[in-house]
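Down below is the structure, laid out as structure tokens.
What's counted below: heavy atoms across the whole structure, side chains too, no hydrogens, waters or symmetry copies.
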Amino acid sequence: MSRPDPRDLLGIRELLGEEERQIADTVRAFVGKEVADHAGQWFEDAEFPRHLVGRIGELGLLGMHLTGYGCAGTNATAYGLACLELEAGDSGLRSFVSVQGSLAMFPIWKYGSEEQKERWLPAMARGEKIGCFGLTEPDRGSDPGDMRTTARRDGSDWVLNGAKMWITNGTFADIAVVWARTEEGIRGFLVPAGTPGFTAREIKHKMSLRMSATAELVLEDVRLPSDAVLPGVTGLRGPLSCLAEARYGILWGALGAARSCYETALDYATSREQFGKPIGAFQLTQQKLVGMALELNKGLLLALHLGRRKDHGELPPELVSFGKLNNVRTAIDIARTARTILAANGISLEYPVIRHANNLESVLTYEGTEEIHTLVLGQLLTGQSAYR
């Protein structure tokens with residue numbers, strides 16, 4: 001019987017199908033070649049590597065879990081594995097792919113007209129057109145049902161007014177999926193960049209997700225034709241279904257950041273010497289490494305279980321909340337523990353740990369805060385809503 005691999009203690013790789021392993025290996029190789037050596041500098045410079053978008057499209061990672069219209073049509077588990085490998089590079093990279101595929105392409109694919117799908121999805125799958133998702137508002141984060149952005153009819157046109165905040169990809173998106181309140185309920189609108197009255201303002205001075213392009217979207221009497229609305233959905237279930245898709249990618253992606261921190265700490269503990277021996281020979285360091293390995297592998301088993309359920313069409317949104325809540329907590333704890341093993345080197349961008357730790361503070365909050373996911377599960381357990 002072979003000795004377990006410290007980097008895959010439970011042999012989770014053996015639970016994957018051949019195509020799933022190939023996708024994970026391909027993305028990991030891409031990140032290792034194109035991202036790993038540059039991510040620290042991009043983080044420091046607050047620069048998103050736009051030159052990689054075409055290559056990401058060539059790899060079939062944009063909208064990869066969707067079918068038709070140039071999308072790869074992989075299963076959900078393969079999509080999750082890709083998210084894990086991307087976030088092992090940087091959360092900003094996974095966020096770009098997640099927003100493009102799950103928040104911008106998915107609503108067009110799920111709720112758009114055939115004309116909208118044909119116009120946008122093939123180009124978005126290739127990375128030739130970039131999308132963003134406008135739901136969160138400056139004063140409305142966890143309560144999107146109380147949004148203030150409005151859309152009113154004016155003849156055959158729609159006129160939109162409002163603002164959206166913390167919008168990933170917003171500064172360079174070609175199309176924004178904007179959710180607004182109408183007389184008949186919340187509707188989704190496709191707002192092309194350059195539409196008069198529509199502006200995207202870069203959000204600066206971030207200390208987290210610095211490799212991600214983040215914007216405030218402002219809509220001032222933005223006039224759109226009647227065919228700009230997504231015809232297939234009315235109400236809050238539209239944007240919430242998109243969030244469930246994105247949260248699923250996050251519950252995998254956060255473990256990529258965690259794995260990167262764990263493996264960095266493991267390598268460091270075997271090479272860094274104090275008192276005449278590697279620090280990995282000391283009991284307290286081993287305790288930290290074991291704790292990280294336990295939680296990382298449990299998180300991976302959870303992600304795989306939820307992925308298989310999603311592949312069988314049996315993943316309710318409450319269990320996506322379960323995965324996001326648990327695995328992001330796990331990832332943050334691993335990042336912080338890894339930082340202590342690296343000591344002073346743990347705060348240097350020469351190593352990925354502090355970058356992942358900072359990024360995960362945003363991942364904990366976006367696509368539903370820790371508190372919101374707790375209340376989602378609380379309602380599931382008790383049958384009582386604690387929102388209002």
Within 6.0 angstrom of Leu294 CG, more than 12 heavy atoms from elsewhere: yes
Arg13/Asp8 salt bridge by N-O under 4.0 Å criterion: no
With Glu295 via salt bridge (Lys or Arg N to Asp or Glu O under 4.0 Å) - residues at least two apart: Lys298
Short N-O contact, Arg153 and Glu184, less than 4.0 angstrom: yes
SB check Glu367 Arg94 (cutoff 4.0 Å): no
Lys117 atom NZ, neighbour heavy-atom count above 12 within 6.0 Å: yes
Nearest non-hydrogen partners of Leu62 and Ile56, listed with the distance: CD2-CG2, 3.7 Å
Between Thr337 and Tyr262: side-chain donor-acceptor atoms closer than 3.5 Å: no
Tyr248-Phe96 co-clustered via ILVMFWY side chain contacts under 4.5 Å: yes
Partner of Ile23 under side-chain contact (heavy atoms from CB on, under 4.5 Å), chosen from Asn75, Leu59, Thr74: Thr74
Test: Glu85 and Arg259 ion pair at under 4.0 Å: yes
Pair Lys110-Ser241, side chain to side chain donor-acceptor pair (under 3.5 Å): steps then yes or no: CA-CA 10 Å; Lys110 181 74 172 178; Ser241 67; over 6 Å; no
Which residues share a side chain to side chain contact (heavy atoms under 4.5 Å, CB included) with Ala173, sequence neighbours left out: Cys132
Residue Lys129 excluded, over 12 heavy atoms near NZ under 6.0 Å: no
CD/Glu115: more than 12 non-hydrogen atoms of other groups inside 6.0 Å: no
More than 12 heavy atoms from other groups under 6.0 Å of CD on Gln287: no
N-O pairing of Glu318 and Arg247 below 4.0 Å: no
Approximate separation, where rounding is to 0.5 Å, of Leu300 CG and Leu10 CG: 8.5 Å
With sequence neighbours excluded, residues passing ring pair (Phe, Tyr, Trp, His ring centres under 6.0 Å) with His305: none
Under 3.5 Å, side-chain donor or acceptor atoms of residues 29-43 against the rest of the protein: list the pairs with distances, not counting sequence neighbours.
unit_1: Gln41; atom_1: NE2; unit_2: Asp45; atom_2: OD1; d: 3.1
unit_1: Gln41; atom_1: NE2; unit_2: Asp45; atom_2: OD2; d: 3.1

Glu137 side chain to Thr149 side chain, donor-acceptor N/O pair below 3.5 angstrom: yes
Interatomic spacing from CZ in Arg140 to CG in Asp146 - rounded to 0.5 Å: 4.5 Å
Leu284 atom CG, over 12 foreign heavy atoms within 6.0 Å: no
Pairs where residues 270-302 contributes a residue and the test ring-ring contact (aromatic ring centres under 6.0 Å, His included) is met, not counting sequence neighbours: none
Over 12 foreign heavy atoms within 6.0 Å of CD, Gln283: no
Over 12 non-hydrogen atoms of neighbours within 6.0 angstrom of NE2 in His51: yes
Arg329 with Glu370: basic N within carboxylate O range, under 4.0 Å: yes
Salt-bridge criterion met for Asp139 and Arg148 (N-O under 4.0 Å): no
Pair Asp5 + Arg3, salt bridge at N-O below 4.0 Å: no
Inter-residue atom distance Trp109.CH2 - Leu66.CG, 0.5 Å rounding: 5.5 Å
Linked hydrophobic residues, Val376 as query - side chain contacts closer than 4.5 Å: Ile372, Leu375, Tyr387
